[in-house]
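So that the names make sense, note that chain A is the first sequence line, chain B the second, and so on, each numbered from 1.
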Protein chains: 2
Amino acid sequence: MDIKERLELFVEKCKEKKLKITPQRIAVYEVLLCSKEHPTVEEIYNKIKERYPYVSMATVYRTVEILESLGLVKRVCYWGNSTRYDANIEEHHHFICLKCGIIRDIHLNGDMYIPKEIDGLTVHSVAVNMYGLCSSCKN
Amino acid sequence: MDIKERLELFVEKCKEKKLKITPQRIAVYEVLLCSKEHPTVEEIYNKIKERYPYVSMATVYRTVEILESLGLVKRVCYWGNSTRYDANIEEHHHFICLKCGIIRDIHLNGDMYIPKEIDGLTVHSVAVNMYGLCSSCKN
DNA sequence: ATACCTGCAAAGGCTTTGCGGTTCG
DNA sequence: CGAACCGCAAAGCCTTTGCAGGTAT
């Protein structure tokens with residue numbers, strides 16, 4: 001699904017839930033869709049500010065929360081100070097550099113196997129974080 | 001390795017690094033060693049307070065940081081508000097209940113396979129978080 | 001028209017830091 | 001004795017919330 005289709009899906013979902021479609025909301029989702037860097041709220045805010053100088057951090061916080069509740073973005077859970085967001089919602093995992101902190105998407109397909117049931121508990125979703133040094137920091 | 005041996009190891013490591021062995025530090029590590037609940041700093045603090053009423057939160061924060069840097073405890077990375085700590089440093093993973101937030105240790109052994117090398121990047125460690133409903137919340 | 005949303009500023013958590021007094025080695 | 005540590009309080013982030021004015025439907 002490309003960016004335009006995803007934005008349309010967002011509009012659809014907003015209509016369903018009687019949420020209003022505002023330029024700020026579109027802008028937040030657009031930044032996330034165009035970024036592969038798993039940005040923080042502050043990074044999203046700074047990007048949006050270029051075009052909408054009066055946008056507020058609170059709006060960005062409120063919007064990522066909505067996007068998450070609609071299932072359009074995911075939090076990247078890791079031990080950094082601030083939460084990061086990812087508009088790629090296909091099953092994939094993350095490689096995090098222990099030195100510079102960069103997060104790279106990892107698609108493992110058949111190379112990895114994680115059971116969907118453990119001790120009688122059903123696993124709804126899995127987050128795999130791999131830690132190591134990225135190619136730049138390795139040298 | 002039992003609790004007593006682990007405490008001795010801690011003392012050893014402190015001597016190596018010229019860190020002082022204080023009752024507060026022992027108490028923090030002891031609480032972590034005796035707990036399977038992956039406590040937050042505040043929870044550790046409350047436990048210690050029973051025996052050392054004048055202990056301060058700052059000391060607990062400073063101590064878990066030392067323990068982490070010595071490789072004796074690990075942060076449990078998840079999307080809760082506060083960081084949790086785990087004195088179990090053997091390779092294992094976590095099942096987190098989406099409703100009540102309880103964290104259960106998972107030992108998968110051969111049931112799960114995660115490659116140690118990806119796209120030429122070496123994986124030093126892996127954190128797997130599985131999300132679902134615990135047996136209590138399922139009902 | 002009105003329900004919802006925004007920006008601002010203030011408040012709320014969790015965590016870190018600076019300082020004077022204390023303790024371990 | 002001296003370096004390292006502790007408790008306290010203040011300061012620092014990141015995030016959430018309340019409110020008055022503005023916007024989408």
*Once you round it to whole Å, what is the distance between P of D:dG12 and CG of A:Asn81?*
16 Å

_Heavy-atom nearest nucleotide on DNA chain C for A:Thr22 versus B:Pro23: which residue maps closer to 5'?_
A:Thr22

_So that I can tick it off, tell me whether B:Glu68 and B:Arg75 are bridged by a salt bridge, with the cut-off set at under 4.0 angstrom between side-chain N and carboxylate O._
yes

*For B:Arg25, which contact category applies under a 4.0 Å heavy-atom criterion: base, sugar-phosphate, or nothing?*
sugar-phosphate

*Let me know the distance between CE of B:Met57 and P of D:dA11, rounded to the nearest Å.*
19 Å

*asked:* Could you tell me if the side chain of A:Asp86 sits less than 4.5 Å from the side chain of A:Val73, heavy atoms only?
replied: no

*asked:* Please classify the nucleic acid contact of B:Thr83 as base, sugar-phosphate, or nothing, using heavy-atom distances under 4.0 Å.
replied: sugar-phosphate

*Is A:Glu30 salt-bridged to A:Arg6, going by a charged N under 4.0 Å from an acidic O?*
no

*Gap between atoms NZ and C1', on B:Lys49 and D:dC6 respectively (whole Å)*: 15 Å

*asked:* In this structure, how many angstroms lie between the P atom of C:dT16 and the CD atom of B:Glu65, rounded?
replied: 6 Å

*Report yes if at least one side-chain N or O of A:Gln24 is closer than 4.0 Å to OP1 or OP2 of D:dT23; otherwise report no.*
no

_Tell me whether the side-chain N or O atoms of A:Lys20 pair up with the base of C:dA3 as donor and acceptor below 3.5 Å, since no angle test is needed here._
yes

*Over how many whole Å does the gap from B:Tyr54 atom OH to C:dT22 atom C1' extend?*
15 Å

*Listed nucleotide nearest any side-chain atom of B:Leu19, set D:dC5, D:dC14, C:dT17*: D:dC5

*Which whole-number value in Å describes the distance from B:Ile44 CD1 to C:dT15 P?*
10 Å

*Would you check if the distance from the ring center of B:His38 to the ring center of B:His94 is below 6.0 Å?*
yes

*Specify the separation, in whole Å, of atom CZ of B:Arg62 and atom P of C:dC19.*
13 Å

*Considering heavy-atom distances to DNA chain C, does B:Glu42 or B:Ile21 have its closest nucleotide positioned more toward the 5' end?*
B:Glu42

_Tell me whether B:Lys138 at atom NZ has more than 12 heavy atoms from other residues, nucleotides or ligands lying less than 6.0 Å away._
yes

*asked:* For a quick test of reading the model: is some side-chain N or O of B:Thr59 closer than 4.0 Å to OP1 or OP2 of D:dG7?
replied: yes

_Atom-pair distance (NZ on B:Lys15; P on D:dA4), nearest Å_ = 17 Å

*Would you mind classifying the nucleic acid contact of B:Tyr61 as base, sugar-phosphate or nothing, using non-hydrogen atoms under 4.0 angstrom?*
base

